[in-house]
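Here is the structure we will look at.
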Amino acid sequence: GEIEQQPVDSLQSSLWCPVCTLLCGDQSSPHCGGKLNRSGKMMKILFVFVWLATCTARPVRPVSRKELSGGVAESVELIKAKLTEKGFNIFTTVDHAQNAVGVGLELRPTTVIIFGNPNVGTKLMQCAQEYAIDLPQKVLVYEDADGKVWAVINSQLALAVKHGATGCRALVEKVNGKLGKLLGSF
């Protein structure tokens, strides 16, 4: 299955070339070099305000997910093996469906694998200590109402925004990329 792609993150808020092209007729300069085409100036300014209000503050998707080919139990075992192979510590596995049965409720197969690498997680917490509430990392594996099985991970970009981790953007992007590749390998 394909990984559902995240939209451009809200940390990236610079104007892109179509706006400069509209305003200046110059695709090569994101800041238009201080020039502004005088024809239709008010309409262009109105367009920019509408564009800025609707396009630059794109929310970050909180999770990425990938459809899996096996059942939940089989997928959980394969993911745990992949995590171990990649050198991650697996701290625990939570079978929410089994826990629901224990209190007389029903839930489609839903399992969370809690895993991590203290070398990376510690660096994220050093950047923003409240990041700790979302660590260790997690992979959710569940069966939806249509019988499809999904693996889901948190977006590190969204977590960085949530926890105000502004001083470690490169680390957050690196971790997000590595986890995205990991998800793709499931």
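The first residue in the sequence is number 1, and the count goes up from there.
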Would you indicate whether Leu105, at its atom CG, is surrounded by more than 12 heavy atoms from other residues, nucleotides or ligands within a distance under 6.0 Å?
yes
Supply the atom-to-atom distance Thr84 OG1 to Ile79 CD1, rounded to the nearest 0.5 angstrom.
12.0 Å
Note, Asn154 side chain near Pro62 side chain (heavy atom, < 4.5 Å):
no
Rounded to the nearest 0.5 angstrom, the CD1-CG distance for Ile153 and Leu182 is 7.0 Å
Steps toward side chain to side chain contact (heavy atoms under 4.5 Å, CB included) verdict (Phe186, Leu78):
CA-CA 8 Å; Phe186 297 157; Leu78 290 171; over 6 Å; no
Looking at side-chain heavy atoms only, is the closest gap between Ile90 and Ile114 below 4.5 Å?
no
Could you check whether any side-chain N or O of Asp146 sits under 3.5 Å from a backbone N or O of Lys148, counting only pairs where one atom can act as donor and the other as acceptor?
no
How long is the straight-line distance from SG of Cys168 back to CD of Glu173, given to the nearest 0.5 Å?
10.0 Å
Could you state the interatomic distance from CG (Asn176) to OG (Ser64), rounded to the nearest 0.5 Å?
6.5 Å
Take Val120 and Val175 through the side chain to side chain contact (heavy atoms under 4.5 Å, CB included) test and state the conclusion after the steps.
CA-CA 8 Å; Val120 176; Val175 173; 3.4 Å; yes
Mind checking whether Phe115 and Pro136 have side chains closer than 4.5 Å, heavy atoms only?
no
Could you tell me if Gln156 and Gln137 have a donor-acceptor pair between their side chains, going purely by distance under 3.5 Å?
yes
Would you check if Ile113 and Lys138 make a side-chain contact, meaning some heavy-atom pair closer than 4.5 Å?
no
I'd like to know if the side chain of Thr122 reaches the main chain of Asn119, judged simply by a donor and an acceptor atom lying under 3.5 Å from each other, with no hydrogens or angles considered.
no
Should Leu157 and Val172 count as side-chain neighbours, where that means a heavy-atom distance under 4.5 Å?
yes
If you round to the nearest 0.5 Å, how far is NZ of Lys123 from CG of Leu171?
7.0 Å
Using side chain to side chain contact (heavy atoms under 4.5 Å, CB included), reason through Val149 and Tyr142 one step at a time and then give a plain yes or no.
CA-CA 6 Å; Val149 175; Tyr142 74 96; over 6 Å; no
Residues, nucleotides or ligands: over 12 heavy atoms within 6.0 Å of Glu106 CD
no
To check you understand the geometry: which heavy-atom pair defines the closest contact between Ser75 and Val141, and what is its length?
CB-CG1, 4.0 Å
How long is the straight-line distance from CD of Glu77 back to NZ of Lys82, given to the nearest 0.5 Å?
15.0 Å
Can you tell which of Lys66, Glu143, Arg65 makes a side chain to side chain contact (heavy atoms under 4.5 Å, CB included) with Trp150?
Arg65
Which heavy atom in Ala100 sits nearest to a heavy atom in Leu107, and how many Å separate them?
CB-CB, 4.0 Å
How close do Leu135 and Gly121 get, counting heavy atoms only, and between which atoms?
CD1-O, 3.6 Å
Should Thr111 and Val94 count as side-chain neighbours, where that means a heavy-atom distance under 4.5 Å?
no
Under 30°, 30 to 60°, or over 60°: which ring-plane class applies to Tyr131 and His163, parallel, tilted or perpendicular?
tilted
Validation row: Glu74, Leu68 side chains within 4.5 angstrom (heavy atoms)
no
